[in-house]
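First comes the structure, then the notes that go with it.
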Amino acid sequence: MPELPEVEVTRRLIAPSLEGSLIDEVEIRRERTARRNSGSAEVVDRLTGRTVERLGRKGKFIAADLDSGELLVIHLGMSGRLQLADRIEEEAPHTNAVLRISGGGEVRFVDPRTFGFIGVFEEIPSLLGPDALDALPDSGGFQALLGRSRRAIKTVLLDQAVVAGLGNIYADEVLWRARVAPHRPSADLDSDAAERIRSAIRPVLEEGISQGGTSLGDLAYLLPDGRAGENLGRLAAYGREGLPCPRCGTPVIRSMIGQRSAHHCPACQL
DNA sequence: ACCTCCCTGGCC
DNA sequence: GGCCAGGGAGGT
């Protein structure tokens, strides 16, 4: 499921086609895809004829500056992906929106579970903390963030208003690398544990990016050119229930934290 | 700060 | 045929 690494890989791969390009036609095939605006007509209206200036990202949101001064915002939800294609190529099922670019190419928004959206806004329509990759606070600032909450540390890492970009896979991986158990209350962590978490975030995300993101088996996240990301084999904890911890060999266990699955090593994550 | 909901394909 | 996956918003 698209988290920061998958969104960043997607952004990098579609940027050459979109930056500086004119969006000359927009089709929203599924009304739900435009739900964050008043509807598809508004999105089509505010997007058609606009030029994309810079294609950025904050957390899991792709945000493109338009020549109108507005922002094109794309969120992949849990099953969304962007696909670069020629107009003659056959469309994948669940192609919920298409942005046609002057010159003949198009960006397709494929999203089977429809948790993603495309919209045009003044600002990103969500409260986001600092980006986990680009703007992680220093040690003191990070400790202060964690000290403010008594929720489980995993829940805090998933809270986009605290740090933007981590989802269920990479939160588990960060905590595994930091040797911290996911259910521990955030505010109970000592400064050493907080710093291990902080310093695990960047390498875990960068590893994911360098592998092209994590494609799972089912409704796979795929790169814009159709390839699968190869980070799955690098995961130490997520999805590895019953398999040996790569660090100590103890079987990884799966539990539920805040209605979400969590995977960790009961022996070396404390 | 917690719980429920949205939605669909894949799997048991 | 029913359950599960899960990002984020809304309600309590």
Side-chain angles (χ1 to χ4, degrees), chain A residues 1-8 10-11 28-40 57-63 73-82 91-97 109-119 121 123-129 131-133 145-175 182-188 205 208 213-222 228-229 231-232 235 237-242 254-263:
Chain A
M1 54 272 354
E3 304 177 25
L4 189 152
E6 293 73 36
V7 173
E8 176 62 13
T10 298
R11 185 197 69 79
I28 307 287
R29 307 276 176 69
R30 209 189 227 273
E31 202 54 33
R32 184 172 149 80
T33 296
R35 70 189 177 283
R36 300 292 291 273
N37 287 108
S38 66
S40 59
R57 177 192 59 74
K58 182 164 184 186
K60 305 175 195 177
F61 292 75
I62 291 173
V73 177
I74 301 174
H75 197 293
L76 300 178
M78 73 167 283
S79 63
R81 66 179 204 262
L82 295 176
E91 284 183 9
H94 309 288
T95 298
N96 295 341
F109 180 66
V110 181
D111 184 15
R113 289 180 190 165
T114 72
F115 278 39
F117 68 87
I118 293 181
F121 311 92
E123 302 290 344
I124 291 176
S126 183
L127 178 64
L128 296 179
D131 184 78
L133 189 67
L145 281 179
L146 298 196
R148 252 185 248 146
S149 174
R150 296 212 50 82
R151 295 133 90 202
I153 179 60
K154 162 128 192 211
T155 302
V156 172
L157 292 180
L158 289 175
D159 185 343
Q160 303 298 298
V162 176
V163 176
L166 296 175
N168 213 32
I169 296 174
Y170 295 98
D172 280 355
E173 294 303 302
V174 163
L175 290 170
H183 47 76
R184 289 189 58 194
S186 176
D188 287 355
L205 295 177
T214 305
S215 292
L216 302 175
D218 57 345
L219 290 159
Y221 147 80
L222 296 173
N231 197 51
L232 182 60
L235 299 181
Y238 181 86
R240 303 194 72 245
E241 182 182 16
R254 179 176 181 274
S255 56
M256 294 303 280
I257 298 176
Q259 331 295 113
R260 214 118 284 175
S261 67
H263 310 75

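Since the structure is predicted, the reported quantities are computational estimates derived from the model, not experimental observations. Atoms considered below: every heavy atom in the structure, side chains included; atoms not considered: hydrogens, waters and symmetry mates. Order of the sequence lines fixes the chain letters, A, B, ..., with proteins taken first and strands second; residue numbering starts at 1 for each chain.
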Hydrogens and angles aside, do [X] and [Y] bring a side-chain donor and acceptor to less than 3.5 Å of each other?
X	Y	answer
A/Thr214	A/Tyr238	no
A/Arg151	A/Ser186	no
A/His263	A/Asp172	yes

From the set [options], return the single nucleotide nearest to any side-chain atom of [X].
X	options	value
A/Ser149	B/dA1, C/dG6, C/dG8	B/dA1
A/Arg32	C/dA9, B/dC6, B/dT8	B/dC6
A/Ser261	C/dG6, C/dA9, B/dC7	C/dG6

Please give me the minimum heavy-atom distance between [X] and [Y], naming the atom from each residue.
X	Y	value
A/Phe61	A/Ser126	CZ-CB, 3.6 Å
A/Asn96	A/Thr33	CB-OG1, 3.3 Å
A/Leu216	A/Leu232	CD2-CD1, 3.7 Å
A/Ala132	A/Leu205	CB-CD1, 3.8 Å

Set of residues satisfying salt bridge (Lys or Arg N to Asp or Glu O under 4.0 Å) with respect to A/Lys60, sequence neighbours excluded: none
Counting the atoms with a prime plus P, OP1 and OP2 as sugar-phosphate, which does [X] contact under 4.0 Å by heavy atoms, base, sugar-phosphate, or nothing?
X	result
A/Arg36	sugar-phosphate
A/Phe61	sugar-phosphate
A/Pro125	sugar-phosphate
A/Tyr170	nothing

Once you round it to whole Å, what is the distance between [atom2] of [N] and [atom1] of [X]?
X	N	atom1	atom2	result
A/Glu3	C/dG6	CD	P	9 Å
A/Arg113	B/dG10	CZ	C1'	8 Å
A/Ile124	C/dA9	CD1	C1'	16 Å

Report all interatomic pairs (protein N or O, nucleotide N or O of nucleotides 10-12 of chain C) with separations under 3.5 Å.
none

What protein N or O atoms touch nucleotides 2-4 of chain B N or O atoms at under 3.5 angstrom, if any, and at what distances?
{"from": "B/dC3", "atom 1": "OP2", "to": "A/Gln259", "atom 2": "OE1", "distance (Å)": "3.4"}

query: Can A/Phe115 be said to stack with the base of C/dG8, given centres closer than 5.5 angstrom and planes under 30 degrees apart?
result: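 Not stacked: fails the 5.5 Å / 30° test.
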A/Arg81 to A/Tyr221 six-membered ring, cation-pi geometry met (6.0 Å, 45°):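 Relative to the ring axis of A/Tyr221, which defines the angle, A/Arg81 lies outside at least one limit.
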